[in-house]
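Chain letters run A, B, ... following the sequence lines, proteins first and then strands; every chain starts at 1. Everything numeric in this text was worked out from a predicted model, so none of it was measured. In what follows, every heavy atom counts, from backbone to side chain, and hydrogens, waters and symmetry copies are set aside.
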Number of protein chains: 2
Amino acid sequence: MSVPNAGGGETKSPAGTCEPEEPRHMRADAKRNNELIIEAARKVFAGQGGSASIEAIAKEAGVGIGTFYRHFPKRINLVEAVYRDDVDSLSQLASESAEQLDPWDALERWLWGFADYARSKRTFLNELHEAFENNPDLRSNSREKISVSCSQVLARAQEAGMARSDINGDDLVQLIAPVCTNTTIGGEQNTRLIRMILDGLKTLPSPS
Amino acid sequence: MSVPNAGGGETKSPAGTCEPEEPRHMRADAKRNNELIIEAARKVFAGQGGSASIEAIAKEAGVGIGTFYRHFPKRINLVEAVYRDDVDSLSQLASESAEQLDPWDALERWLWGFADYARSKRTFLNELHEAFENNPDLRSNSREKISVSCSQVLARAQEAGMARSDINGDDLVQLIAPVCTNTTIGGEQNTRLIRMILDGLKTLPSPS
DNA sequence: TGCTAAGCGGAGGGAGCCTCCGTATAGTAA
DNA sequence: TTACTATACGGAGGCTCCCTCCGCTTAGCA
């Protein structure tokens, strides 16, 4: 969950020097609205694309414009928050799947989750690109997190002999992401291609 | 020179089926304004970035808003026109250089011209990306044109024994473009890197 | 020289972004 | 429970930008 304005201070007060262990209390209503806005933004971006108006997002979230801007002073802050939240969800999905499912099912569930994530980025690639430019760490940190999550479920399946071992998490992510973000690949084709990748992943490498 | 609304018809009339040999007469003032707008847009985009206002561009061009929209009904049409014009300039530069200069100087001059072109794209990469999405042919056609131009000057230098022969136009473009579009590379560093590439290009391949 | 298709230009409607500030309330202390 | 206040809410309104519309102007032609 990303809370750019956490700390509740006025916009003018310096926020850079706060002690990290004491993230300053946030009122329950503020926290709830923050989550509502991110959830609404995800929905509206998916429906209307990344250029959707802030008014529409605030309305969908059921909050006023003023509240919106208190939480996300710049539009880019919102894009970033939605993205961070998506990436965090993927990390969580990896942990949950690993706890609850057998190794192959956990891997498959995570990969489908990742495919959903990647597909959802198609509608606001430009905005995301801008967010990356605005904050270079965002890209590298997220990439790292995703790679770790993928490796987590993949390694478990590999150790159980359920997935081929000549591929790593990064490879897999690089293989699936483009298939999902490419706008010329339709939904049905996308699903078929990912199924094929999964089948390949399940197969032992052919002797060269 | 790109003239999206050439033919002077109403916006509603279909423009896709025109005969290429008879581009329908365009009044001299219209042609002049079209060129003025593209030139102004290049200047304003370079100074203010791709999100510069259309008002600013029209003002720089010395034309009214109405005139602007007669020439470029959508903002994206302008981005496309500027880009096409840039690419055409590169083609022209290749031909001119080949006529006027010795093979190596022609190659070098074209490559510096290409570097300028690529650098100028940094300020409106997002807009360009949008234009490519809007019109997929734009990307492939432009890439092809640039590749041809580069090959034209490169081949001449190679035939004269002034440039190594184990590299082709596409390679060279792919090598230089990222160095120029990368926003983390400063102007001075950029120049040094390109000089180094040029030196490498002049050198015979080392035996492996 | 006069005609007219083509082009010019800017007022103004509409939409979106963001600020400002009066009102409401969660959390706390007594 | 009550009273207090730091924190948060919300929307009117100012600003900017996009684009349309339509009356005025003029290049090019007969």
Side-chain angles (χ1 to χ4, degrees), chain A residues 3-13 15 18 22-38 40-41 44-45 48-79 124 126-127 130, chain B residues 3-13 15 18 22-37 40-41 44-45 48-79 124 126-127 130 134:
Chain A
V3 184
N5 235 13
E10 292 303 310
T11 309
K12 285 173 183 173
S13 71
C18 62
E22 183 96 24
R24 192 83 178 285
H25 188 65
M26 190 181 200
R27 256 168 60 170
D29 52 349
K31 186 161 183 293
R32 189 173 59 243
N33 277 337
N34 197 294
E35 288 166 14
L36 281 173
I37 291 171
I38 291 179
V44 173
F45 281 153
Q48 304 182 23
S51 59
S53 80
I54 284 174
E55 250 88 359
I57 294 169
K59 197 173 172 189
E60 173 73 33
V63 304
I65 287 294
T67 301
F68 178 92
Y69 279 99
R70 165 168 282 266
H71 287 271
F72 303 100
K74 301 273 175 191
R75 187 194 177 80
I76 201 85
N77 298 142
L78 175 65
V79 172
F124 70 140
N126 276 346
E127 287 72 19
E130 211 177 314
Chain B
V3 185
N5 231 15
E10 292 305 308
T11 307
K12 284 171 184 173
S13 70
C18 62
E22 181 96 28
R24 189 86 175 284
H25 187 67
M26 191 182 201
R27 256 169 61 170
D29 51 351
K31 186 161 181 294
R32 190 173 58 242
N33 278 337
N34 198 294
E35 288 166 14
L36 281 173
I37 291 171
V44 173
F45 281 152
Q48 305 182 23
S51 59
S53 80
I54 284 174
E55 251 90 359
I57 295 168
K59 196 174 172 190
E60 172 73 34
V63 304
I65 287 295
T67 301
F68 177 92
Y69 279 101
R70 164 169 284 266
H71 286 271
F72 304 100
K74 302 271 174 194
R75 186 192 176 79
I76 201 81
N77 299 141
L78 174 65
V79 172
F124 71 138
N126 276 345
E127 287 70 20
E130 210 178 313
N134 186 61

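Salt-bridge check for A:Glu35 with A:Lys31: passed, with a basic side-chain N closer than 4.0 Å to an acidic carboxylate O.
Note on B:Arg75: a side-chain N or O is less than 4.0 Å away from OP1 or OP2 of D:dC18. Distances shown here put every side-chain N or O of B:Arg27 at or beyond 4.0 Å from the OP1 or OP2 atom of D:dT26. For the pair A:His71 and D:dA8, the criterion of a side-chain N or O lying under 4.0 Å from OP1 or OP2 is not met. Distances shown here put a side-chain N or O of B:Thr67 below 4.0 Å from the OP1 or OP2 atom of C:dG9. Dashed line: the shortest gap from a side-chain N or O of A:Asn33 to OP1 or OP2 of D:dC9 is under 4.0 Å.
Here D:dT20 presents its P atom at 15 Å from CZ of B:Phe72, a figure rounded to the nearest Å. The separation between A:Asn34 atom CG and D:dC9 atom P is 9 Å, rounded to whole Å. Rounded to whole Å, the distance from CG on B:Leu36 to P on C:dG7 is 15 Å. Here the C1' atom of nucleotide D:dC19 and the CD1 atom of B:Ile76 are 16 Å apart, to the nearest Å. For the pair A:Leu78 CG and C:dC17 C1', the computed distance is 14 Å after rounding to whole Å.
With B:Asn77 contributing its side chain and B:Lys74 its backbone, the two residues share a donor-acceptor pair below 3.5 Å.
Of the candidate nucleotides D:dT20, C:dT19, C:dG9, C:dG9 has the atom lying nearest to any side-chain atom of B:Val63. With distances taken from any side-chain atom of A:Ile65 to the nucleotides D:dA8, D:dG11, D:dC19, the minimum falls on D:dG11. For B:Arg70, counting side-chain heavy atoms from C-beta on, the closest listed nucleotide (D:dC9, C:dG7, C:dA26) is C:dG7. For B:Ile54, counting side-chain heavy atoms from C-beta on, the closest listed nucleotide (C:dG27, D:dC19, D:dA8) is D:dC19.
Here the side chains of B:Phe68 and B:Asn33 are not in contact, with every heavy-atom distance at 4.5 Å or above. In this structure, A:Asn34 and A:Met26 have side chains that are in contact, with non-hydrogen atoms separated by less than 4.5 Å.
Of the residues near DNA chain D, A:Asp29 and A:Glu55, the one whose nearest nucleotide (by heavy atom distance) lies more toward the 5' end is A:Asp29.
Smallest separation of non-hydrogen atoms from B:Ala58 and B:Ile65: CB-CD1, 4.2 Å.
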